[in-house]
Peer 1: 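Shown below is the structure under consideration.
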Amino acid sequence: MKNSWLNSSVGYQIYIRSFKDGNGDGVGDLKGIIEKLDYLKDLGIDYVWICPFYDSPMDDNGYDVRDFFKVDKLFGTNADLKKLIKEAHNRKIRVVLDLVLNHTSNENKWFQKSEQKIEPYTDMYVWKDGKIKSGKLCPPNNWQSIFSGSAWKYSEKRKQYYLRVFSEKMPDLNYESETTFDEIKKVVDYYAKLGIDGFRLDAVSHLAENENYRSVKNKQSALPFSDQPKNHIYLQKLHKCFEDNNLVTLGEVSRNCSKKDLLKYTSKTELDAVFTFSHGEIFNKNHTVDVQKLMKVLKCKNDTSVKGGMEVLFWLNHDYPRLLSKLRNEADPMGAQLCLAALMYFLKGSPLVFNGEELGMENYPFKKPEDFLDVNARMLFENSQNKEATLKHLIEESRDNSRTIMQWSKSKNAGFSTAKPKVLLSPTYKINNAEQQEKEQNSFLNSYKRLLKLRHDLTEIINEGQYKFFNNKGLMGYDIKSKSRNIKIIANLSKKDIPFEFKNSETLYSNISISQKLKKYQVVILEKRKH
Ligand code: NOJ
């Protein structure tokens, strides 16, 4: 079965521009990734998902693709990509690329032809006439962009509005047009030929729009262009092309996606695995964990696999602030992150670590609006009535928080580049970096390595076993039972040490040394001995 490798593999997401600069221009690139493949192998990684590196005007750091067939010069060349695929495969690391299916850049030649009504591109994007209200030309309806502001942009050339669910430089593709499928198929075939192993599919909930194109009551809701019935039909059609090329697909679904839609997406006739975001809701406002909510989320993610689907098991990505910062008011944020990592990554599904997570990297110390680089932050400021409140919100939630330079060492530019970085560098690199952590036996990085190694060792029981969750007197976690083995994952996220009997079991992992108690923020993985 082509996707059988997904649930026995640990993935690693690379935000290319901030990972490693290999050519000394201050921006991360493909060469830089090649340099760090041995680091990833040592960490226990089986596949990398690399964020977009295609030719782009970089309105949204590459999620606005101008030419799908060309590596942007900022990130290297097509030859570098071929080399990366070869070098990764030599180390038995699979390569998953990011495919942006919902939109392109407005500088993409498909869009330019569509704007000029050159066939067969005329209907390749979502074009609608405006409405005249009180003598003024207005957008076709009140739909709002996920990035804020109207979801429509007027084209003077075509005298029509185009839909843009994200920024105005990112027009939405129209999957009612066969041309869209034909062109996307060419992209998929091209990368399959280069030998990649799969795609992370960007924003796949939004391919279809509500066909009535009516205004909605709740303007802020993304519902009219999320998880529409036709979305499934489009994905089924696209699935054939991925399947023919033996490529796995990991699709990013919307935050509000219902369980029914989610199971449909991951039914293997649409996507192999899904990214869902319910885990973002387990944090209290005061930067601690809500244990009840955490339990609910873990069960729910596991349940997707039990029901025949698969979830990507992750805490972080390039769109969310750092986990450690979300946990900063726990008495031991590092301990809390390790508890969360173990609880998530030993569920059924496909674990994925985000670059820098394994070092316990933190949010960036933003002070003022000009500090932010992200188009989403810029648009929020533009559309905000209360700049002060927006600043406060972005300091906590900005996507730039997770896009800072990977902290390789305490040397100049954190060992990221020989040139002055064009990406934000967090001042914590001097005390928190990979070089230092590699040397310390009990460092965060080494804890992650031990966890990920154990995840591999337990693959079989995780995939075959039955799960039972518990949350009892401050101790939470789950038992995994198969005919021959009995594993317990148990964490103490209460604020006190709790007596615990370790007898008749072997400790496979613990973040803190074992005693008569389960100490606060301790997470332990045990195997019950057979007598
Ligand atoms: C989801 C990506 O993860 C995000 O970074 C991007 O801005 C949007 N999709 C639009 O492509």
Side-chain angles (χ1 to χ4, degrees), residues 11-19 28 48-66 68 72 75 96-108 111 125-126 143-149 151 153 162-173 175 184 187 199-207 209 222 225-227 231 249-257 265 271 273-277 279-280 312 314-322 352 354-357 372-380 394 397-404 423-424:
Y12 188 88
Q13 183 195 347
I14 298 179
Y15 197 64
I16 182 166
R17 65 175 51 228
S18 45
F19 188 63
V48 284
W49 149 29
I50 309 171
C51 285
F53 47 71
Y54 318 103
D55 174 53
S56 161
M58 302 293 164
D59 190 48
D60 187 18
N61 283 0
Y63 280 94
D64 47 321
V65 181
R66 182 166 44 206
F68 278 103
D72 195 284
F75 301 129
V96 169
L97 304 187
D98 209 319
L99 183 59
V100 191
L101 287 175
N102 179 66
H103 46 266
T104 66
S105 161
N106 62 341
E107 294 182 27
N108 191 303
F111 181 76
Y125 292 80
V126 184
W143 296 0
Q144 296 288 295
S145 150
I146 292 175
F147 281 177
S148 87
K153 172 77 185 162
Y162 62 84
L163 182 70
R164 49 90 176 183
V165 162
F166 295 95
S167 90
E168 61 181 49
K169 286 185 67 57
M170 297 157 83
D172 275 53
L173 286 162
Y175 281 87
I184 291 293
V187 177
F199 280 113
R200 176 262 187 183
L201 302 179
D202 186 64
V204 283
S205 277
H206 309 305
L207 307 187
E209 291 76 41
F225 45 80
S226 303
D227 309 310
N231 216 54
T249 52
L250 310 138
E252 183 201 30
V253 302
S254 78
R255 282 179 188 219
N256 302 318
C257 178
Y265 282 136
L271 302 165
V274 284
F275 291 85
T276 63
F277 298 95
H279 57 277
V312 182
F314 70 107
W315 279 109
L316 275 170
N317 69 21
H318 62 292
D319 292 334
Y320 291 89
R322 288 282 176 186
L352 179 87
F354 176 59
N355 63 204
E357 170 186 343
F372 298 93
L373 305 176
D374 181 16
V375 59
N376 190 17
R378 205 178 64 225
M379 286 171 67
L380 281 168
L394 283 171
E397 300 298 333
S398 165
R399 311 194 298 178
D400 283 323
N401 276 311
S402 54
R403 299 175 178 189
T404 59
V423 191
L424 295 171

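Note that ligands are numbered from 1 as they come in the structure, with each ligand's atoms numbered from 1 the same way. Note that this is a predicted model, so its numbers are computed, not measured. Heads up: numbering here begins at 1 and tracks the sequence.
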Peer 1: Check this for me: does any side-chain nitrogen of one of Asp64 and Lys169 sit under 4.0 Å from a carboxylate oxygen of the other?
Peer 2: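 No salt bridge links Asp64 with Lys169.
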Peer 1: Which atoms of ligand 1 are found less than 4.0 Å from any heavy atom of Phe147?
Peer 2: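 Listed by number with element, the hits are 7 (O).
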Peer 1: Would you call His206 a ligand 1 contact, heavy-atom distance under 4.0 Å?
Peer 2: no
Peer 1: Is there a side-chain contact between Asn231 and Tyr175 in this structure, where contact means two heavy atoms from C-beta onward sitting under 4.5 Å apart?
Peer 2: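 SC-SC contact between Asn231 and Tyr175 ruled out.
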Peer 1: Any non-hydrogen atom of Arg403 lying under 4.0 Å from ligand 1?
Peer 2: yes
Peer 1: When you measure from atom 7 (O) of ligand 1 to every protein heavy atom, which one gives the shortest distance, and what is it?
Peer 2: Asp60 OD2, 2.5 Å
Peer 1: Which residue and non-hydrogen atom of the protein lie closest to atom 1 (C) of ligand 1, and at what distance in Å?
Peer 2: Asp202 OD1, 2.8 Å
Peer 1: Would you tell me which option among Tyr15, Phe166, Phe275, Tyr320 has the nearest heavy-atom contact to atom 8 (C) of ligand 1?
Peer 2: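 Heavy atom nearest to atom 8 (C) of ligand 1 belongs to Phe166.
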Peer 1: Can a salt bridge be assigned to the pair Asp319 and Arg403 using a cut-off of 4.0 Å between side-chain N and carboxylate O?
Peer 2: yes
Peer 1: Could you see which bit of Arg200 sits under 4.0 Å from ligand 1, with heavy atoms only: side chain, backbone, both or neither?
Peer 2: side chain
Peer 1: Which atoms form the tightest heavy-atom contact between Cys51 and Asp98, and what is the distance?
Peer 2: CA-OD2, 3.8 Å
Peer 1: Which atoms of ligand 1 have any heavy atom of His103 under 4.0 Å away?
Peer 2: 10 (C), 11 (O)
Peer 1: With a 6.0 Å cut-off on the ring centroids, do Trp49 and Phe275 count as close?
Peer 2: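 Yes: the rings meet the under 6.0 Å criterion.
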Peer 1: Are any of the side-chain nitrogens in Asp227 or Arg255 under 4.0 Å away from the carboxylate oxygens of its partner?
Peer 2: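 Arg255 and Asp227: not salt-bridged.
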Peer 1: Would you please indicate yes or no on a ring centroid separation below 6.0 angstrom for Tyr125 and Phe111?
Peer 2: yes
Peer 1: Can you pull out the closest protein heavy atom to atom 3 (O) of ligand 1? Residue, atom name and distance to 0.1 Å, please.
Peer 2: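 The closest one turns out to be Asp319 OD2, 2.5 Å.
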Peer 1: Go through ligand 1 atom by atom and flag the ones less than 4.0 Å from a non-hydrogen atom of Arg399.
Peer 2: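 Numbered from 1, ligand 1 contributes 4 (C), 5 (O), 6 (C), 7 (O).
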